Amino acid sequence: MSLSTGEEPQNKHVQSMFARVLFDNSYSRLPENFYVRQNPLPVERPALIHFNEALAHRFGIEFKDILQTSAGQNLLAGVFAGNIIPAGAAPLAQAYSGHQFGHFSPQLGDGRAVLLGELRDTEGTLWDIQLKGSGPTPFSRGGDGRSALGPVIREYIVSEAMARLGVPTTRSLAAVSTGEAVYRQGPLPGGILTRVAASHVRVGTFQFFASRGDHVSVRKLADYMIDRHYPEAAAAKNPYIELFLAVMARQSALVAQWMSLGFIHGVMNTDNMTISGETIDYGPCAFMDRYDPSTVFSSIDKGGRYAYGNQGKIAQWNMARLAESLLPLFDPESNRAVALAEEMVTDFAALFDRDWQSAMTAKLGFQEIEPDDKTLISDLLALMYATKADFTQTFRSLEAAVGGDVAELYGQIGQSAQAVNWREAWRSRLQHEKADIVALKERLHAVNPLYIPRNHLVEEAIAAGVERRDYGKMERLMTVLSQPYEAQQGAEDYAVPPEVEDPYYQTFCGT
Ligand code: AMP
Ligand code: MG
């Protein structure tokens with residue numbers, strides 16, 4: 001791959017650095033109604049805020065040398081701002097629809113993002129490289145196609161933290177500031193995020209074609225997804241049923257994992273749910289500090305549709321929308337297709353219940369689920385709710401508690417008769433595990449993180465970046481979050497909730 005800047009002479013070093021990676025553009029080989037070809041709109045003064053060298057290594061590119069000079073950094077900023085389009089890329093905006101807060105929008109699509117193309121990693125897997133905030137597209141519908149810097153920093157921090165926590169997620173390769181203002185309530189500094197995803201195909205992408213009665217395209221998209229993410233489904237008697245079941249399995253496991261970490265996505269619209277099973281679109285997302293299943297942070301989620309405790313049900317609702325889009329592929333006879341879809345979607349509830357239970361019982365140190373474990377989890381959660389316990393710290397305290405040091409645990413859930421009883425019940429249940437204290441501690445350590453991207457820390461990092469172009473806090477926070485399960489010296493403040501929790505904490509979609 002070579003770079004076409006339009007400004008010669010080009011930096012030879014960059015040329016050779018990129019020379020070994022090749023863009024595939026598999027999405028652009030799909031029919032023309034799947035996308036619109038669209039170049040990013042160049043920005044005035046791109047500057048590199050953060051670059052994910054570890055992730056770049058996945059593509060076999062060595063950036064060490066270029067990052068050492070400011071000329072090199074400027075070149076990279078140009079690439080990740082969309083000013084320099086790498087040769088071989090075929091930028092496009094993807095078409096999709098989506099149910100937003102339950103209401104169907106037939107025409108969404110990438111209104112502020114372009115897919116540069118796909119890069120193959122050193123293991124041969126294709127990854128989408130997308131610029132988010134790269135300017136208007138035919139799908140922008142009045143929007144400016146830009147992103148404010150704040151949401152770029154938020155997505156960078158939270159998506160990378162999720163990856164390190166072990167959650168399937170889109171990744172962040174680079175963040176740049178644009179040197180331009182975007183206008184929301186007032187002027188804000190602009191930013192662009194380079195997002196890496198297994199793919200950006202969403203439930204809403206299927207809905208786009210299904211709602212137009214274009215079943216040929218639905219089938220093409222399904223075949224493309226099977227080929228890219230679920231090749232084992234191709235051998236099934238009905239590959240599309242297999243595809244659907246596989247997507248349900250991944251989404252169920254994903255949402256269960258979110259909940260086991262106290263994560264609230266915030267805007268689980270069908271256009272924000274991937275077919276690959278990755279978490280996508282970190283807009284108003286947030287982790288809760290104290291446990292309350294009704295927690296909602298998003299300013300636009302007035303009815304609490306996407307509250308912490310609703311996420312399993314919403315995932316099922318979204319899967320029903322996917323099933324509707326796939327109906328003709330399930331069975332040519334429509335009654336039979338509907339009956340089958342209903343059965344599969346109904347089964348999601350049990351699937352999710354199992355995934356949720358196994359994620360939560362793992363947090364208690366159990367390897368297999370036993371019938372009474374559900375009560376043990378719900379009793380602990382009830383105690384946590386009553387005592388306004390910190391979700392992350394409570395589970396983390398179990399590692400010490402298993403060895404008899406219960407101060408932290410009781411510090412969270414109190415030392416009431418119920419709390420003492422719970423601990424006794426937990427202790428006797430642990431006897432069923434064929435594991436000694438050391439092994440149990442290890443298990444608990446591996447699933448109960450010490451550090452999560454707490455809202456007040458993320459806000460501090462964003463404020464420093466947006467107000468002072470100071471990215472030191474972001475840097476430091478990301479370093480701590482890169483090892484969320486390991487205690488780090490000097491990082492004590494990162495493990496605790498804010499002294500005074502903001503009862504009105506709100507997050508915004510306004511990217
Ligand atoms: P999201 O909130 O990220 O799920 O976005 C929902 C839809 O709004 C998508 O189709 C976006 O492309 C579009 N959108 C959001 N912000 C903008 C913007 N600043 N300019 C154009 N389109 C936007
Ligand atoms: Mg979206």
Side-chain angles (χ1 to χ4, degrees), residues 34-36 38-41 43 81-82 91-115 128 130-156 158-159 169-170 172 178 180-195 197 199-208 211 251 264-276 278-286 296-302 305-306 314-315 318 321-322 506-511:
F34 280 56
Y35 58 84
V36 176
Q38 175 71 53
N39 279 350
L41 183 68
V43 300
L92 58 86
Q94 293 177 318
Y96 55 83
S97 308
H99 273 90
Q100 301 183 304
F101 290 91
H103 303 287
F104 188 61
S105 298
Q107 176 92 18
L108 292 169
D110 291 332
R112 54 168 161 186
V114 292
L115 176 67
D128 278 11
Q130 192 202 58
L131 299 183
K132 191 172 169 185
S134 53
T137 78
F139 300 115
S140 292
R141 286 200 312 174
D144 57 9
R146 292 299 187 194
S147 294
L149 183 54
V152 168
I153 295 175
R154 177 192 301 280
E155 175 154 354
Y156 205 122
V158 184
S159 65
T169 176
T170 63
S172 297
T178 61
E180 295 176 359
V182 298
Y183 295 88
R184 298 295 179 253
Q185 263 87 348
L188 295 170
I192 296 175
L193 182 84
T194 302
R195 181 158 72 180
S199 79
H200 283 84
V201 176
R202 305 142 195 267
V203 170
T205 320
F206 280 95
Q207 291 181 290
F208 180 84
S211 66
Q251 282 298 339
I264 305 164
H265 182 282
V267 60
M268 289 176 71
N269 293 333
T270 56
D271 58 303
N272 294 339
M273 187 172 262
T274 57
I275 300 303
S276 69
E278 295 170 296
T279 312
I280 195 171
D281 271 5
Y282 292 88
C285 65
V296 174
F297 292 119
S298 168
S299 61
I300 56 169
D301 191 2
K302 301 290 183 218
R305 180 181 169 90
Y306 300 137
I314 291 294
N318 289 350
R321 307 289 79 76
L322 178 60
Q506 281 203 323
T507 53
F508 299 90
C509 266
T511 38

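Whatever order the structure lists ligands and atoms in, that order sets their numbers, starting from 1. Residue indices begin at 1 and follow the sequence shown. Note that the structure is predicted; figures quoted are calculated from it, not measured. Just so you know, these numbers use all the heavy atoms, side chains as well, and skip hydrogens, waters and symmetry mates.
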K.L.:
Would you name the N/O/S atom of Asp281 that lies closest to the Mg ion (ligand 2)?
P.N.:
OD2

K.L.:
Tell me the contacting part of Arg184 for ligand 1: side chain, backbone, both, or neither, using a 4.0 Å heavy-atom threshold, strictly below.
P.N.:
side chain

K.L.:
So which bit of Asp110 gets within less than 4.0 Å of ligand 1, heavy atoms only: side chain, backbone, both or neither?
P.N.:
backbone

K.L.:
Which ligand 1 atoms, with their elements, are less than 4.0 angstrom from a heavy-atom of Gly143?
P.N.:
20 (N), 21 (C)

K.L.:
If you take all heavy atoms of Ser97 and Pro106, which pair is closest and at what distance?
P.N.:
OG-O, 2.6 Å

K.L.:
For Phe139 and ligand 1, does the shortest N/O to N/O distance drop below 3.5 Å?
P.N.:
no

K.L.:
Any heavy atom of Arg141 closer to ligand 1 than 4.0 angstrom?
P.N.:
no

K.L.:
Can you find a heavy atom in the side chain of Tyr306 that is under 4.5 Å from one in the side chain of Ser298?
P.N.:
no

K.L.:
I'd like to know whether ligand 1 has Gly283 as a neighbour, heavy-atom separation below 4.0 Å.
P.N.:
no

K.L.:
Please identify which atoms of ligand 1 are closer than 4.0 Å to at least one heavy atom of Ser140.
P.N.:
21 (C), 22 (N)

K.L.:
Ligand 1 versus Arg146, non-hydrogen atoms closer than 4.0 Å: side chain, backbone, both, neither?
P.N.:
backbone

K.L.:
At under 4.0 Å between heavy atoms, which part of Asn269 makes contact with ligand 1: side chain, backbone, both or neither?
P.N.:
neither

K.L.:
Counting heavy atoms only, name the option from Arg112, Lys132, Gln94 that's nearest to atom 2 (O) of ligand 1.
P.N.:
Arg112

K.L.:
Just which atoms of ligand 1 are under 4.0 Å from any heavy atom in Asn272?
P.N.:
4 (O)

K.L.:
Would a 4.5 Å heavy-atom cut-off, applied to side chains only, mark Ile314 and His265 as touching?
P.N.:
no

K.L.:
Do the side-chain N and O atoms of Ser172 and Ser159 include a donor-acceptor pair separated by under 3.5 angstrom?
P.N.:
yes

K.L.:
If you count every heavy atom of other residues, nucleotides or ligands that lies below 6.0 Å from Phe101 atom CZ, does the total exceed 12?
P.N.:
yes

K.L.:
Can you find an N or O of Gly111 that's nearer than 3.5 Å to an N or O of ligand 1?
P.N.:
yes

K.L.:
So, Thr169 and Tyr282: side-chain donor and acceptor under 3.5 Å apart, yes or no?
P.N.:
yes

K.L.:
Check the side chains of Gln207 and Thr270 for a donor-acceptor pair under 3.5 angstrom, ignoring hydrogens and angles.
P.N.:
yes

K.L.:
Report, in ascending order of atom number, the atoms of ligand 1 lying under 4.0 Å from any heavy atom of Asp281.
P.N.:
3 (O), 4 (O)

K.L.:
Between Arg321 and Asp271, is there a salt bridge with N-O shorter than 4.0 Å?
P.N.:
no

K.L.:
Would one find an N, O or S atom of Asn269, in either backbone or side chain, under 2.8 Å from the Mg ion (ligand 2)?
P.N.:
no

K.L.:
Is any N or O atom of Leu108, backbone or side chain, closer than 3.5 Å to an N or O atom of ligand 1?
P.N.:
no

K.L.:
What pair of heavy atoms forms the shortest contact from Met268 to Asn318, and how long is it?
P.N.:
O-ND2, 3.0 Å

K.L.:
Does Leu108 reach the side chain of Gln100, with side-chain heavy atoms less than 4.5 Å apart?
P.N.:
yes

K.L.:
Are Ser199 and Ile275 close enough that some pair of their side-chain heavy atoms sits under 4.5 Å apart?
P.N.:
no

K.L.:
I'd like to check which ligand 1 atoms, numbered from 1 as shown, lie under 4.0 Å from a non-hydrogen atom of Tyr96.
P.N.:
9 (C), 10 (O)

K.L.:
Which ligand 1 atoms are under 4.0 Å away from a heavy-atom of Gln100?
P.N.:
6 (C)

K.L.:
Show me which atoms of ligand 1 lie under 4.0 Å from any heavy atom of Gly145.
P.N.:
18 (C), 19 (N), 20 (N), 21 (C)

K.L.:
Do Asp144 and Val182 have side-chain heavy atoms sitting under 4.5 Å apart?
P.N.:
yes

